4 protein chains.
Amino acid sequence: MATRGRTAKPKARSAGARDTILAAARELFGERGFADVSARDVARRADVTKALVFYHFESMEDLFAAVLDDYYDAQSKALEAGFEGEGTVRERLSRLLDGYIRFIDEHRFFPRLVQQEVRRGGPAATRIRKNVRALLDWTERALGDVLPPSGPLSARHFYLTIAGMVIHYYTYAPILGQAWDRDPLGAPAREERRQHLLWVVSTILDGLEAEAGRQRGGR
Amino acid sequence: MATRGRTAKPKARSAGARDTILAAARELFGERGFADVSARDVARRADVTKALVFYHFESMEDLFAAVLDDYYDAQSKALEAGFEGEGTVRERLSRLLDGYIRFIDEHRFFPRLVQQEVRRGGPAATRIRKNVRALLDWTERALGDVLPPSGPLSARHFYLTIAGMVIHYYTYAPILGQAWDRDPLGAPAREERRQHLLWVVSTILDGLEAEAGRQRGGR
Amino acid sequence: MATRGRTAKPKARSAGARDTILAAARELFGERGFADVSARDVARRADVTKALVFYHFESMEDLFAAVLDDYYDAQSKALEAGFEGEGTVRERLSRLLDGYIRFIDEHRFFPRLVQQEVRRGGPAATRIRKNVRALLDWTERALGDVLPPSGPLSARHFYLTIAGMVIHYYTYAPILGQAWDRDPLGAPAREERRQHLLWVVSTILDGLEAEAGRQRGGR
Amino acid sequence: MATRGRTAKPKARSAGARDTILAAARELFGERGFADVSARDVARRADVTKALVFYHFESMEDLFAAVLDDYYDAQSKALEAGFEGEGTVRERLSRLLDGYIRFIDEHRFFPRLVQQEVRRGGPAATRIRKNVRALLDWTERALGDVLPPSGPLSARHFYLTIAGMVIHYYTYAPILGQAWDRDPLGAPAREERRQHLLWVVSTILDGLEAEAGRQRGGR
DNA sequence: GATGAATGAGTATTCATTCAT
DNA sequence: TATGAATGAATACTCATTCAT
């Protein structure tokens, strides 16, 4: 303490302690979930005092919300980029899917945090709902022409179906790894997964078109 | 004590305190996950002293494992029932899917617990892995004729895809409810979901057959 | 429980559960002291239920007292044997010393228990005091001719001195072993220790005689 | 809280809570040994919250180690002081003995703690072993000229013998008091004890010299 | 004799949070 | 902006002991 020379580099402080803390929290919440991360853990990982965590964030809930906010901003950007531009339904949807896959791939524990917050019904739930709404809207716009507005083939089902199949892979990856011939989080496995997902979505579109044909041509 | 009527025989004593505790734990873990449930919570819900929880279960981990075990037994039974019997690939798979859907429907928080344990890499992870393995095996046997052994269209991808789309619905249901025209966990919505899933799986089978045809009929 | 065949041999019970428990307690108290041994520990080591421990002994204190009583009986017997018989002061003292050494050697953790009870000032302290008194009496009778009744060379000092040097060896043995060329509790080391002690006591007797001579011969 | 006068500034805060806690621990461990002292006890005696104990010391073991460390520092200093300086074997040894006696006299429960830690084989045992080693070294250097390097008359036996007779007095003092004509821990009794010890050690040296003479003068 | 179940008070330790500096 | 010290309430888990059977 007093013995550490006064020229000692101020570690985290230089790069903005707030950001350092946020980054540490992002990592930890991702690894262990909200309930399993303590302020002490965050402080340690950020190489900062516990008190400083509470100086920058009112409470642990607050910190968690900040982390979620960051993720949502990133997700929105990723999806907007994917959705923009022209093309056939198939092209737009596949761009949207690609954007979604890439985002989840880069933020693997984001879904965990969301699931957790959904379960907890915490204050961030509103934020989540808004975002889910947006994603659903995009799906509806992208598939509006081929989908009925309600029933088993409505957009909301496909949204949940596709999101589920994208996310689930990462949820179970840690366990699959040990009973698998290769690391499911390695580049080759992930690329294979991407192709699988594209194939499924494409096949679903085929099915929807066939369905539309059947519908039109009188059953 | 003084408040509990003096003729009311203590609940726990009358009928298997162990079971009472297990049931309380099942509920609570389902509602809030492992990390958010304390021994005190379980004791309170089971109307039992905290010490009794530890008399019947060596530790909270132990209690959690017991809960998971119960679920796994139920799941195995549900899937075995679904998988037995004759029929075309399509018939068998749809029975398997139906069994899976029904199980998840009746044990909505089971996936949450599993996801959590996967993340924690806790001692129950081995059990989970074995079970995932079994499910994957069933999928492989059910789809063995129509699926290539590896690549983007291999059984393991379809297993993850289907499991993901079944489970994800329940994961997000609590949030969807408030932005939706009806309760996603009500009977009508769940039946609609079931039809959606059956349609998707059926469509995927169509796609796989088409793919097989393409493969055969000159590349 | 109900599944164990009814012919299963009743383990501890046959040989007198009370004694089995007492033996287990003796071991455990010796190894870890009173405060570090729980009823559960005793029950486990005796392969008996915890409740049975309390059936046979009113409390843990009671069990501890019973263990101490056993030791004191043994000690009394050992010392009486050593002290009886005729001979010179030197002979009688060396027999007493030998008896004491042998007893401590065979009940290595007895001194620990006594020390502990002395410190705790527990109910067994009276018993201990009586015994110390007896030992002191023996020393006084054995050395009465050569010792002044009070002062730095009185019997009580020699009693404490000799007891200390006998006991201390065993107290520190566990630690010495690792920085020593041989096991201090092995037979050769213990025999060497015995010779050392005999030499010291003999030398002290020489000194006392010289002292008596000096006293008599003026100055 | 409400009972503490409102102008009394909280003790702990004013003057090194850490030291207050350490002092309380020193007292309590001395009185009752490690296993019989709880964190709550320490907190109470130090007039401090239980949590603060763990703020300053990672664990009870840690606190115990800190207490032992303090004692060892004091002991080392006491012995070094006693051992330095010139003089005959007899003079140096008697100075060493005097230093040891004085230290034990001022830290009466130190031996208890050490004995306990030896028995527990806890983490502090290494420290203890090092210290015992040092003491033994001193004894060997002080007695090197008159002692054979091995056998019943080697330095290590005399070290254990002398340490035992010094320490044992304090171990049994609480019990002796009640069967004795005066308080064994009062100044006169302790001075008498000191003279006894000096006489014994001096007599042992006489014996050793005689032994050396015998050895030299034809076996 | 023997035991399974039960309990209230205890254990060490960690928590998020506050606050004076 | 930052922090060391402090705390009350919580954590999982163990204790000696009781008692109905």
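Bear in mind that the values here come from a model prediction, so they are computed numbers and not experimental data. Residue numbering restarts at 1 for every chain, and letters A, B, ... go by the order of the sequence lines. The analysis underlying the following values was restricted to heavy atoms, covering all of them including side chains, and did not include hydrogens, waters or symmetry mates.
Here the P atom of nucleotide dC13(F) and the CG atom of D41(B) are 14 Å apart, to the nearest Å. One interatomic measurement links the two molecules: CG of D36(B) to C1' of dT14(E), which rounds to 16 Å at whole-angstrom precision. Between I21(D) atom CD1 and dA6(F) atom C1' the separation is 10 Å, expressed in whole Å. Rounded to an integer number of Å, the gap from CZ of F64(A) to C1' of dA16(E) is 16 Å. When the P atom of dC15(E) is taken as reference, atom CG of L28(A) falls 12 Å away, rounded to whole Å. Taking atom CZ of R44(D) as the reference point, atom C1' of dG10(E) lies 11 Å away to the nearest angstrom. Following rounding to the nearest Å, L52(C) (CG) and dT17(F) (C1') show an atom-to-atom distance of 14 Å. Straight-line distance from the CZ atom of F57(A) to the P atom of dA2(F): 12 Å, rounded to whole Å.
Along DNA chain F, the nucleotide nearest A51(D) and the nucleotide nearest E61(C) are compared for position; the residue whose nucleotide lies closer to the 5' end is A51(D). Taking for each of K50(D) and S59(A) the nucleotide of DNA chain E with the nearest heavy atom, the 5'-most of the two is the partner of K50(D). Ranked by how close their nearest DNA chain F nucleotide is to the 5' end, F54(B) and M60(C) are led by F54(B).
A distance-only check finds a donor-acceptor pair linking the side chain of R112(B) to the backbone of G30(B) [under 3.5 Å].
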Intermediate values then yes/no, salt bridge (charged side-chain N to carboxylate O under 4.0 Å, His left out), D41(D) and R32(D): CA-CA 11 Å; D41(D) 294 335; R32(D) 317 213 290 258; 2.6 Å; yes
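Proximity of S38(B) to the phosphate of dT11(F): a side-chain N or O atom is located under 4.0 Å from OP1 or OP2. Contact annotation: Y55(D) side-chain N/O to dA6(F) OP1/OP2 distance is not under 4.0 Å. Listed pair R40(B) / dA10(F) meets the phosphate criterion, a side-chain N or O lying under 4.0 Å from OP1 or OP2. Checking the phosphate oxygens (OP1, OP2) of dG8(F), no side-chain nitrogen or oxygen of T49(D) falls inside 4.0 Å. Contact between the side-chain N/O atoms of H56(B) and the OP1/OP2 oxygens of dG4(E) is not found at any separation under 4.0 Å.
The residues E117(A) and R129(A) are annotated as not salt-bridged, no charged nitrogen and carboxylate oxygen being separated by less than 4.0 angstrom.
Residue contacts shown for V53(C) are absent, as no nucleic acid heavy atom lies under 4.0 Å away. Residue V42(C) is classed as having no contact, given no heavy-atom separation below 4.0 Å to the nucleic acid.
Summarising the base pairing, dA20(F) is matched to dT3(E) through a Watson-Crick or G-U wobble pair whose two defining distances lie under 3.5 Å. Pair assignment for dA9(E) gives dT14(F), based on Watson-Crick or G-U wobble hydrogen-bonding distances that are each under 3.5 Å.
Between F29(D) and F64(D), the gap from one ring centroid to the other is short of 6.0 Å.
The aromatic rings of H107(C) and Y71(C) sit perpendicular to each other, their planes meeting at more than 60°, with 30° as the lower class boundary.
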